[in-house]
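Notes to accompany the following structure.
This one's a predicted model, so the numbers in the text were calculated from it and none came from an experiment.
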Amino acid sequence: MGCCDRIDRVAMLSVHTSPLEQPGTGDAGGMNVYVVEVARQLARRGVEVEIFTRTTTAELPPTVELEPGVLVRHVTAGPYEGLGKGDLPGQLCAFAAGVMRTGAHEPEGHYSLVHSHYWLSGQVGWLAADRWQVPLVHTMHTMARVKNLHLAEGDTPEPAGREIGEVQVVEAADRLIANTLGERHELIELYAADPDKVVVVPPGVDLSLFSPGDTRAARAATGLPQDAKVLLFVGRIQPLKAPEVLIKAGAELLARHPNWRGELVIAVVGGPSGSGLAHPQGLQELADGLGVAPQVRFVPPVPRTELAQWYRAADLVVVPSHSESFGLVAVEAQACGTPVVAARVGGLPTAVGEAGVLVDGHDPHVWADTLDALLHDPERREALSRKAVEHAALFGWDRTTERLYEVYVEACRARALTKDTPSPNGSLAGIPAAVTP
């Protein structure tokens, strides 16, 4: 069968973070989960996936089989260690060479298309798709122009070089995957993306892993007191994610309710990342300075089976980010039946829906008001819990991958049609007409 009829093999590119890394620290987060889950779902429907990522340690073998049909390829591009994400643009040539070298050993038509993730991968995907004459499908995950519009106080703006690189990828891609209608609008308005090429495909959640469970058992598993009031933050610790909003709101709650000092637990599950690496102990110092250190538990990133227990153990999951392309944490928490309080930004209104509570702005006093009201209203929390499970059920990874596969086929058909369509001067598109002497 041709490319238009069936997708046989997808080359996925994830330059700056490996699907094998633990989400929640460094540069590993929702994108890692996205790549892994989509690759697994594609493989289960008979599509082979090869994920190209940068080698970050000499201990990694050249290839790792994630599961049957999903192969992770490690590409040497610069020193294994010591390179931050900001250093990687200088290694894209080396990474592209490694990808091209792999492709050169395969027969023509080995890859049906390229799906790149994040702008760094898009730059390499642009070259690979052009070399292999296959479509490029790209998912931004985050965008510099969006992040710069919603910077946290004191955070570092994304550089102009990234903006330029993103514009180039948007122009080169055959299809752009947007997580929400809002992100589609941002791609069109901020990056002049062709509306016909931008397709909305919401991410998913592993509904077999993230599901309701016994709160008492979850608290026993996570070492939390059975009678505690538990507020949970999950994610990378950096200004963009705004975990300090929860710490400050927690301090305000204790000022209002001094008797909660023995009951309130603020759990922060994740590790420093991005600009947060410049001051990795900043959140701990903030908690100490506000006098809430005894109430805050800092937990390193945990495997996803343990993460589900943390969600189940919490009374509320708090997502105060300044910008989110979607918000997987919110949907995972809701799938476990835990109400979510989230900032009304980016894709969070879509991720949360009417099953949670959205907060405008990042004023800790406003957040404290919202959390206070919910902690005093168990009936409302129970109602939100029921809605949360129903809402999260709409976001299974199988549904996400089904739609992605359709987009892949659409991209291949559009590419084939472009190749075969005569241009006004009688030539095929992209091929010069014969010159008559």
Side-chain angles (χ1 to χ4, degrees), residues 23-24 29-30 33 179-180 182 202-207 209-213 215 218 222 224 228-236 240-247 249-250 253 264-270 299 304 307-362 364 366-396:
V33 176
N179 289 328
T180 64
V205 61
D206 186 341
L207 297 171
L209 174 61
F210 297 103
S211 59
T215 300
T222 53
L224 292 169
K229 294 176 173 62
V230 181
L231 304 176
L232 174 64
F233 170 91
V234 173
R236 290 170 288 163
L240 178 72
K241 302 292 184 181
E244 75 283 352
V245 171
L246 175 55
I247 303 295
L253 288 174
L264 184 65
V265 175
I266 301 170
V268 178
V269 179
V299 182
R304 294 175 69 70
L307 182 59
Q309 291 286 54
W310 279 98
Y311 288 137
R312 296 177 189 124
D315 290 295
L316 299 168
V317 170
V318 183
V319 188
S321 305
H322 288 275
S323 177
E324 288 284 353
S325 63
F326 183 65
L328 283 179
V329 164
V331 183
E332 289 173 351
Q334 290 183 315
C336 292
T338 304
V340 170
V341 180
R344 195 189 303 273
V345 298
L348 284 171
T350 299
V352 173
E354 297 181 358
V357 178
L358 297 171
V359 180
D360 293 310
H362 295 83
V366 175
W367 282 78
D369 290 342
T370 303
L371 298 173
D372 201 353
L374 287 168
L375 289 173
H376 277 98
D377 193 345
E379 291 185 0
R380 188 182 181 201
R381 295 204 310 274
E382 180 60 31
L384 286 173
S385 176
R386 291 192 296 269
K387 288 183 179 179
V389 175
E390 294 173 0
H391 179 70
L394 302 174
F395 294 96

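With hydrogens and angles ignored, the 3.5 Å screen pairs a side-chain donor or acceptor of H362 with a backbone N or O of P320. Although no hydrogens or angles enter the test, the distance criterion places a donor-acceptor pair under 3.5 Å between the side chain of R312 and the main chain of S211.
In this structure, L394 CG and T350 OG1 are separated by 12.0 Å, a value rounded to the nearest 0.5 Å. Distance check: S385 OG to R380 CZ gives 13.5 Å after rounding to the nearest 0.5 Å. Note that the CG atom of L375 and the OG1 atom of T370 stand 10.5 Å from one another [nearest 0.5 Å]. Here NZ of K229 is found 7.0 Å from NE2 of H376. Values are rounded to the nearest 0.5 Å. The line from CH2 of W367 to CG of L253 is 12.5 Å long, rounded to the nearest 0.5 Å. To the nearest 0.5 Å, atoms CZ (F210) and CG (L307) are separated by 5.0 Å.
Smallest separation of non-hydrogen atoms from T338 and A388: O-CB, 4.4 Å. Across every non-hydrogen atom of S325 and N179, the tightest pair is OG-ND2, 3.2 Å. Contact detail for A313 and L224: the closest heavy-atom pair is CB-CD1, 3.8 Å. When every heavy atom of G337 is checked against every heavy atom of V389, the shortest pair comes out as CA-CG2, 3.6 Å. Residues S321 and A343 share a closest heavy-atom pair of O-CB, 3.3 Å. Among all heavy-atom pairs drawn from E354 and K387, the shortest one is O-CD, 3.9 Å.
Look at E382 and R386 and you find a salt bridge, because one of the NZ, NE, NH1 or NH2 atoms lies within 4.0 Å of a carboxylate O, short of that distance.
With sequence neighbours left out, D315 forms a salt bridge (Lys or Arg N to Asp or Glu O under 4.0 Å) with R219, R381.
Residues S323 and V345 fail the side-chain proximity criterion, which asks for heavy atoms closer than 4.5 Å. You'll find the side chain of L384 reaches within 4.5 Å of the side chain of L374, heavy atoms only. At least one side-chain heavy atom of L358 sits less than 4.5 Å from a side-chain heavy atom of P349. Using a 4.5 Å cut-off on side-chain heavy atoms (C-beta onward), W310 and V234 make no contact. Using a 4.5 Å heavy-atom cutoff, the side chains of L246 and I266 are in contact.
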Listed pairs under 3.5 Å, donor-acceptor, residues 329-336 side chains, sequence neighbours left out:
| unit_1 | atom_1 | unit_2 | atom_2 | d |
| --- | --- | --- | --- | --- |
| E332 | OE1 | Y311 | OH | 2.8 |
| E332 | OE2 | R304 | NH1 | 3.4 |
| E332 | OE2 | R304 | NH2 | 2.5 |
| Q334 | NE2 | V352 | O | 3.2 |

